[in-house]
Amino acid sequence: MAVDLVNQIAQVRQRLAPLRDPASSIGFVPTMGALHAGHTRLIDRARSECQSVVVSVFVNPLQFERADDLERYPRTLQEDLDICTAHGVDVVFAPDEKEMYPRWPACTVEVQRLDDHLCGPHRPGHFRAVATVVMKLLQIVQPDRAYFGEKDVQQLAVIRRMVTDLNVPVTIVGVPTVRDSDGLALSSRNKRLDSEERQLANALYRALREAERQISSGVTDSGVVSKEAAAVMPPDPRLRLEYLEVVDPEELQPVDRISGPVLVAGALWVGSTRLIDNLLCQPPTAGG
Ligand code: PAF
């Protein structure tokens with residue numbers, strides 16, 4: 001049976017009303033469409049844990065700082081619907097911009113401090129826009145559980161903090177990154193890479209693995225870790241490392257001396273496509 005497509009907020013509420021029941025749960029996977037195996041991993045997890053599954057498809061214009069990035073973002077609604085049908089999704093909510101933002105939003109959600117590093121300084125206003133749209137979507141769908149990929153680790157941390165600080169009654173579930181066979185994290189933006197860029201694109205993953213190797217072998221100076229990690233990337237003019245940072249996994253603040261688990265995260269430009277990735281790294285255990 002084909003998935004139900006609804007475009008209006010009132011329709012989602014009406015469609016979900018009979019499914020709200022203390023004995024069953026609604027799982028929600030917010031997306032910007034162009035679904036790939038990373039998204040289907042989220043959907044399958046929601047399907048296995050909840051009685052009903054809702055997917056939203058909305059390319060949120062407010063979270064794009066560059067007009068060309070918004071314009072080039074892949075839009076594949078019919079394919080997305082087919083994927084949702086194949087994975088047993090009950091409802092797809094695909095509003096247009098007017099439905100989500102009938103007027104300029106005077107009220108936004110700002111999660112402070114967590115966007116001070118990593119992507120935050122490079123994408124001013126991005127996490128405010130993400131937190132705001134996710135809050136709106138959570139208010140519309142009112143799910144019991146909402147699923148997000150760990151590839152967007154800063155987004156996940158911001159959303160977790162938002163629902164905790166604002167007492168939103170939802171469980172946020174982080175789902176591990178899905179990778180291609182060469183380690184490249186799946187992303188809708190990978191669709192923009194030409195075949196030569198695609199060959200180069202796992203450079204960030206290789207750098208992160210080098211950081212992981214350094215940390216697990218006992219290197220404690222984050223500066224050294226970042227430098228050694230960046231050094232494994234091929235010197236190709238199409239690659240530009242935007243940042244590679246070592247931060248604590250909770251507050252995402254820089255760590256100078258590594259003494260516990262840390263998150264190593266980076267952003268790499270491959271031609272005109274910006275890719276992000278991260279790994280949680282563990283130093284050797286004392287006496288180990
Ligand atoms: O990760 C995404 O696809 C988006 O940032 C999200 C969470 C759907 C908000 O627009």
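For this chain, numbers begin at 1 and follow the sequence in order. Whatever order the structure lists ligands and atoms in, that order sets their numbers, starting from 1.
Contacts with ligand 1 closer than 4.0 Å are made by backbone heavy atoms (N, CA, C, O) of Thr31 only, the side chain lying farther away.
Other residues, nucleotides and ligands contribute over 12 non-hydrogen atoms within 6.0 Å of the CD atom of Gln253. The number of heavy atoms from other shown groups lying within 6.0 Å of CD (Gln282) is above 12.
With ring centers used as reference points, Tyr147 lies 6.0 Å or more from Phe28.
Every atom of ligand 1 with a heavy atom of Val133 under 4.0 Å away is listed here by number and element: 9 (C), 10 (O).
Clustering ILVMFWY residues whenever any of their side-chain heavy atoms sit less than 4.5 angstrom apart, transitively, puts Trp269 in a cluster other than the one holding Leu193.
Atom 10 (O) of ligand 1 has Gln63 OE1, 2.7 Å as its closest protein atom, hydrogens excluded (heavy atom only). When only non-hydrogen protein atoms are considered, atom 2 (C) of ligand 1 lies nearest to Gln155 NE2, 3.8 Å.
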